Amino acid sequence: EENIELQGKIEILKENLDSLFKKKRILNSTSDNAQEVFQQEVQIEILKLEKEQEKITTKINSLLSRKNILLNEINDFEREETFAISLFGQKEYSNFLNNKISNNDNNYIHEKIVRVKAFIESMGDIPQDGSIEKEYLQLKEAQESVEKEVKDLENSKTELNKLISDITEEIEKRFKEGIKKVNQEFSDFFKTLFVGGEASIFLVDIPIKKENEDDIQEFELGIDLKVALPNKKIKGLGMLSGGERSLTSIALLFAMSSITPPPFIILDETDAALDEANSKKYGDMIEKLSKHSQLILITHNRETMSRADLLYGVTMAQDGASKMLSISLEQAAAVAK
């Protein structure tokens with residue numbers, strides 16, 4: 001209402017200004033003195049009117065500012081009203097507005113509103129630019145991405161467990177087949193060396209005892225040897241002599257090498273404990289093995305040396321200096337002839 005009244009005053013002032021300007025134009029044709037006096041009076045009147053207009057404009061701006069404040073308060077009230085309706089329901093909220101609830105209920109609702117408002121205020125200022133919703137959508141997207149990764153990892157884990165199970169099963173199958181093949185070759189080599197007898201390897205469970213634990217909780221798969229010499233009651237490695245142990249070890253070594261021949265084998269003094277008769281058997285097995293692998297032997301046994309294609313040794317000349325010497329037995333035999 002004040003705004004309308006002020007706008008009316010402004011219109012009246014504008015009309016007065018227009019009237020003054022008309023009088024000014026009429027008096028322009030009169031004498032200079034009268035014109036000057038009139039212009040001064042008009043100028044004073046214009047200044048008064050402009051000052052009055054300025055006051056009215058200031059008051060209008062103040063009213064507009066108050067209007068904006070009231071609009072903000074109305075918006076806040078509408079938000080709180082919407083929140084109250086969602087919290088208590090439209091019916092209870094209408095009863096509250098119409099004073100149709102008891103004092104006890106009124107006090108209860110009032111206390112509840114106070115508590116809720118205190119909780120909201122404790123949360124601090126809530127941005128109104130949509131940043132919270134944007135952050136929520138980002139977090140939701142990240143959560144969905146993590147859940148998808150977890151699901152993929154669980155599927156990968158299941159597949160890996162199945163693969164490990166299949167590989168373990170295949171390894172055990174091949175290992176047992178390998179043991180069977182090695183057993184056959186081991187028995188043949190053993191019989192060749194000892195001219196009879198029996199030898200085999202078999203699987204055993206080896207207990208695993210962890211540190212700081214008295215009870216054995218786990219076992220691992222291992223192998224053990226079973227030997228029986230011809231014409232003797234001796235059984236087991238613990239009852240064999242040094243030479244017999246060496247022959248048994250050689251038989252097992254050659255048996256494994258014959259199943260899956262390696263590119264080359266280095267044997268260091270494996271024949272040191274053999275007598276002349278066993279050295280010949282050892283030499284026969286070396287020749288058989290050399291068909292599949294290249295052999296490098298370190299030995300002092302003459303029988304083993306005689307089976308080699310090329311010999312390397314250290315000799316001392318007359319000046320007392322040691323030097324390497326290599327001899328091809330095939331060429332040496334040709335020269336000797």
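Computed from a prediction, not measured in an experiment: that's the story for all the values here. Sequence positions, counted from 1, serve as the residue numbers for this chain.
- Applying the salt bridge (charged side-chain N to carboxylate O under 4.0 Å, His left out) test to Asp188 and every residue at least two apart in sequence or in another chain returns nothing.
- No continuous path of ILVMFWY side-chain contacts below 4.5 Å connects Met305 to Ile298, so the two sit in separate hydrophobic clusters.
- Cluster membership check: Leu203 shares its hydrophobic cluster with Leu225, using side-chain heavy-atom separations under 4.5 Å among Ile, Leu, Val, Met, Phe, Trp and Tyr.
- Residues passing the ring-ring contact (aromatic ring centres under 6.0 Å, His included) test with Phe190 are Phe194, sequence neighbours excluded.
- With sequence neighbours excluded, no residue forms a side chain to side chain donor-acceptor pair (under 3.5 Å) with Glu141.
- By the 4.5 Å side-chain criterion applied to Ile, Leu, Val, Met, Phe, Trp and Tyr, Ile206 is assigned to a cluster that also includes Phe202, Val204.
- For the atom pair Ser306 OG and Asn301 CG, the distance stands at 8.0 Å (nearest 0.5 Å).
- Identified under the side chain to side chain donor-acceptor pair (under 3.5 Å) test for residues 156-165, with sequence neighbours left out: Lys162-Asp166.
- A salt bridge is absent between Glu177 and Lys181; no separation between the charged side-chain nitrogens and carboxylate oxygens falls under 4.0 Å.
- Taking CG of Asn68 as the start and CG of Leu63 as the end, the distance is 11.0 Å to the nearest 0.5 Å.
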Applying side chain to side chain contact (heavy atoms under 4.5 Å, CB included), run through Val314 and Met324 and close with a yes or a no. CA-CA 5 Å; Val314 181; Met324 294 293 296; 3.8 Å; yes
Result block: side-chain N/O donor-acceptor pairs under 3.5 angstrom for residues 142-150, not counting sequence neighbours:
| from | atom 1 | to | atom 2 | distance (Å) |
| --- | --- | --- | --- | --- |
| Gln143 | NE2 | Glu147 | OE2 | 3.3 |

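- Residues Glu269 and His300 meet the side-chain proximity criterion, which asks for heavy atoms closer than 4.5 Å.
- Every residue was checked against the salt bridge (charged side-chain N to carboxylate O under 4.0 Å, His left out) condition with Asp152, not counting sequence neighbours, and none meets it.
- Glu303 pairs by the salt bridge (charged side-chain N to carboxylate O under 4.0 Å, His left out) definition with Arg307, not counting sequence neighbours.
- Partners of Lys59 by salt bridge (charged side-chain N to carboxylate O under 4.0 Å, His left out), not counting sequence neighbours, listed by chain and number: Glu2.
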Compile the donor-acceptor pairs under 3.5 Å between side chains in residues 255-265 and protein atoms, sequence neighbours left out, one pair per line.
| from | atom 1 | to | atom 2 | distance (Å) |
| --- | --- | --- | --- | --- |
| Ser257 | OG | Leu253 | O | 2.9 |
| Ser258 | OG | Phe254 | O | 3.2 |
| Ser258 | OG | Ala255 | O | 2.7 |

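- No side-chain heavy atom of Val227 sits under 4.5 Å from any side-chain heavy atom of Glu198.
- In this structure, Ser187 contributes its side chain and Asn183 its backbone to no donor-acceptor pair below 3.5 Å.
- With sequence neighbours left out, Thr248 forms a side chain to side chain donor-acceptor pair (under 3.5 Å) with no residue at all.
- Separating the CG atom in Asp205 from the CG atom in Asp224 is a distance of 12.0 Å, to the nearest 0.5 Å.
- The main-chain N or O of Asn61 is never found under 3.5 Å from a side-chain atom of Ser65 such that the two would form a donor-acceptor pair.
- Under the 4.5 Å side-chain heavy-atom criterion for grouping Ile, Leu, Val, Met, Phe, Trp and Tyr, Val182 is connected to Ile223 within one hydrophobic cluster.
- Rounding to the nearest 0.5 angstrom, the gap separating the NZ atom in Lys281 from the CD1 atom in Ile250 is 12.0 Å.
- Every residue meeting the side chain to side chain donor-acceptor pair (under 3.5 Å) condition with Thr304, not counting sequence neighbours, appears here in chain and number order: Asp271.
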